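Heads up, the thing below is written out as structure tokens.
Below, each value reflects all heavy atoms present in this structure, side chains not excepted, and no hydrogens, waters or symmetry copies. Quick caveat: nothing in here was measured; it's all calculated off a predicted structure.
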Amino acid sequence: MGNLLKVLTCTELDQGPNFFLDFENAQPTDGEREVWNQVNAVLQDSESILSDLQAYKGAGQEIRDAIQNPNDIQLQEKAWNAVCPLVVRLKRFYEFSLRLEKALQSLLESLTCPPYTPTQHLEREQALAKEFAEILHFTLRFDELKMRNPAIQNDFSYYRRTISRNRINNMHLDIENDVNNEMANRMSLFYAEATPMLKTLSNATTSFVSDNKTLPIENTTDCLSTMASVCKVMLETPEYRSRFTSEDTLMFCMRVMVGVIILYDHVHPVGAFCKTSKIDMKGCIKVLKEQPPDSVEGLLNALRFTTKHLNDESTSKQIRAMLQ
């Protein structure tokens, strides 16, 4: 497909560089391979995490039976035996978020370091840009599934209540070797978030900016705004959309665009919605609203509820109205 990134020269608004980026075929160069391999080792587990989450049915019935019949020891044991393997699964999801956080920070380090600008990095290191996009894609898919599954928090709450009750009675349960009190506290904070993976990435990006005080914040925010422009252009330009060999790439682009907008909004001092933002928010929202509503409602909700500056006074009424 020739160059993976091509400049789209015609743009009426100066919203920064617009590129076509081949999300389907980018391969690492020798210079990218070390970081690419590190991140790829994490991403290889992402599909099994999503399959596991999609198959998560919860122990709602067993928990209800146990609560309604507190003196029935058999029902208590049945609920406990149903919840314990689920909590081990929830721990696996949480630990994956920590690996994802490190992977994102490695990518940000590569895509923002001097002497190159973020745009030059994206041109030179297309395979790393693709991995960055894959992390965002996974994150929004994970959070969409989690938001639709109230059983996760119900199961974990029951687990914590049972552990607390047993601690009062000086009982130690085997599962505490796997999920001790400190781990349970951290998992509890993670699952209390409406979109826990997105929150993890937002925190990781904010930490990256604050830990790298000699690196101008614009290096990070320009990387994000450029990626948002890339996705918007690919979604709204028929000749670029026609290059996708799979319909899934369309959804991939939408998720990545929304993910980078949210990250940008969390790390940029005034956010993604103000007039000086390098992201064309009206254009991005318009592209989403042109898709079938069922496929984008979760993404619009992510913009409504997980951004930081949407309700600021500096956000135009038009943008707010578009997200009503």
Test Asn154 against Arg64 for side chain to side chain donor-acceptor pair (under 3.5 Å), laying out the working first. CA-CA 10 Å; Asn154 294 339; Arg64 278 191 296 276; over 6 Å; no
Report the C-alpha distance between Leu263 and Leu201 in whole Å, list the side-chain angles of each, state the deciding distance to 0.1 Å, and finish with yes or no for side-chain contact (heavy atoms from CB on, under 4.5 Å). CA-CA 7 Å; Leu263 287 185; Leu201 294 199; 3.9 Å; yes
side-chain contact (heavy atoms from CB on, under 4.5 Å) between Leu111 and Thr220: does it pass, once the steps are laid out? CA-CA 8 Å; Leu111 293 171; Thr220 304; over 6 Å; no
Step by step, would you call His268 with Ile217 a side-chain contact (heavy atoms from CB on, under 4.5 Å)? CA-CA 8 Å; His268 195 283; Ile217 189 172; 5.8 Å; no
Report the C-alpha separation of Ser48 and Arg92 in whole Å, then their side-chain angles, then the decisive distance to 0.1 Å, and conclude whether the side chain to side chain donor-acceptor pair (under 3.5 Å) test is met. CA-CA 11 Å; Ser48 72; Arg92 179 175 170 244; 2.8 Å; yes
Would you check, one step at a time, whether the test side-chain contact (heavy atoms from CB on, under 4.5 Å) holds for Met281 with Lys286? CA-CA 8 Å; Met281 283 306 305; Lys286 182 172 174 281; over 6 Å; no
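Between the side chains of Asp22 and Asn25, at least one donor N or O sits under 3.5 Å from an acceptor N or O. Looking only at atom types and distance, the side chain of Tyr116 has a donor-acceptor partner in the side chain of Arg124 under 3.5 Å away. Side-chain contact annotation: Arg99 with Ser46, donor-acceptor N/O pair under 3.5 Å absent.
Taking CE of Met227 as the start and SG of Cys253 as the end, the distance is 10.0 Å to the nearest 0.5 Å. In this structure, CG in Leu100 is found 5.0 Å from OG1 in Thr139, a value given to the nearest 0.5 Å. Rounding to the nearest 0.5 Å places CE of Met187 at 10.0 Å from OG of Ser97. Atoms CD1 and OG, from Ile152 and Ser157 in turn, are 11.5 Å apart once rounded to the nearest 0.5 Å. Once rounded to the nearest 0.5 Å, the distance linking CD of Glu144 with CG of Leu299 reads 5.0 Å. Rounding to the nearest 0.5 Å gives a distance of 14.5 Å between OG1 of Thr221 and NE2 of His266.
Counting non-hydrogen atoms of neighbouring residues, nucleotides and ligands closer than 6.0 angstrom, the NZ atom of Lys102 reaches no more than 12 such neighbours. Atom CD of Gln61 has more than 12 neighbouring heavy atoms from other residues, nucleotides or ligands inside a 6.0 Å radius. Heavy atoms of other residues, nucleotides or ligands lying less than 6.0 angstrom from NZ of Lys78 number 12 at most. Other residues, nucleotides and ligands place no more than 12 heavy atoms under 6.0 Å from the NZ atom of Lys199. Other residues, nucleotides and ligands contribute only 12 or fewer heavy atoms inside 6.0 Å of the CD atom of Glu247.
Salt bridge absent: Glu218 and Lys278 never bring a charged side-chain N and a carboxylate O closer than 4.0 Å. Between Glu134 and Lys130 there is a salt bridge, with a side-chain nitrogen of the basic residue lying less than 4.0 Å from a carboxylate oxygen of the acidic one.
Put simply, Leu198 and Met147 are part of two different groups of oily side chains (I, L, V, M, F, W, Y) that touch within less than 4.5 Å, one to the next. Following chains of ILVMFWY side-chain contacts shorter than 4.5 Å, one cannot reach Phe305 starting from Leu300, and the two form parts of different hydrophobic clusters. Val270 and Ile279 end up in different hydrophobic clusters when Ile, Leu, Val, Met, Phe, Trp and Tyr side chains are linked at under 4.5 Å.
Annotation: cation-pi pair Arg186/Tyr94 absent, no NZ/CZ under 6.0 Å from the ring centroid and within 45° of its normal.
Using a 4.5 Å heavy-atom threshold, the side chains of Gln126 and Glu131 count as separate. In this structure, the side chains of Asp155 and Val87 stay at 4.5 Å or more apart for every pair of heavy atoms. Between Leu128 and Leu122 the shortest side-chain heavy-atom distance does not fall below 4.5 Å. When side chains are defined from C-beta on, Gln105 counts as touching Ser207, because their heavy atoms get closer than 4.5 Å. Contact check for Val209 versus Thr206: no side-chain heavy atoms found under the 4.5 Å cut-off. Counting heavy atoms from C-beta outward, Met254 and Leu235 have side chains that approach closer than 4.5 Å. In this structure, the side chains of Phe273 and Leu323 come closer than 4.5 Å at one or more pairs of heavy atoms. Looking at heavy atoms from C-beta onward, Tyr56 lies in side-chain contact with Leu90 at the 4.5 angstrom threshold.
Remark: side-chain polar atoms of Thr237 are not paired, donor with acceptor, to backbone N or O of Glu239 under 3.5 angstrom. When atom types are taken as modelled, the side chain of Glu193 and the backbone of Leu189 share no donor-acceptor pair closer than 3.5 angstrom. Side chain of Asn69 to backbone of Asp72: no donor-acceptor contact under 3.5 angstrom is found. Judged by distance alone, the side chain of Asn81 and the main-chain N or O of Glu77 form a donor-acceptor pair under 3.5 Å. Checked by atom type and distance alone, the side chain of Ser295 never pairs as donor or acceptor with a backbone atom of Gln291 at under 3.5 Å. Asp265 contributes a side-chain N or O that, together with a main-chain N or O of His309, makes up a donor-acceptor pair within less than 3.5 Å.
Using bins of under 30°, 30° to 60° and over 60° for the plane-to-plane angle, the ring pair Phe156/Tyr191 lands in the tilted bin.
Every side chain to side chain donor-acceptor pair (under 3.5 Å) that Glu236 has, sequence neighbours left out, goes to Lys232. The ring-ring contact (aromatic ring centres under 6.0 Å, His included) test applied to His137 returns Phe252, not counting sequence neighbours. In this structure, the ring-ring contact (aromatic ring centres under 6.0 Å, His included) partners of Phe138, at least two apart in sequence or on a different chain, are Phe96, Phe142. Under the side chain to side chain donor-acceptor pair (under 3.5 Å) criterion, Thr29 pairs with Glu32, sequence neighbours left out. In terms of the side chain to side chain donor-acceptor pair (under 3.5 Å) criterion, residue partners of Thr249 (sequence neighbours excluded) are, by chain and number, Glu24.
Exactly one residue among Leu107, Leu108, Leu104 makes a side chain to side chain contact (heavy atoms under 4.5 Å, CB included) with Phe208. That residue is Leu108.
For residues 301-319, the salt bridge (Lys or Arg N to Asp or Glu O under 4.0 Å) pairs, not counting sequence neighbours, are Glu297-Arg304.
Ring-centre distance between Tyr158 and Trp80: not below the 6.0 Å cut-off.
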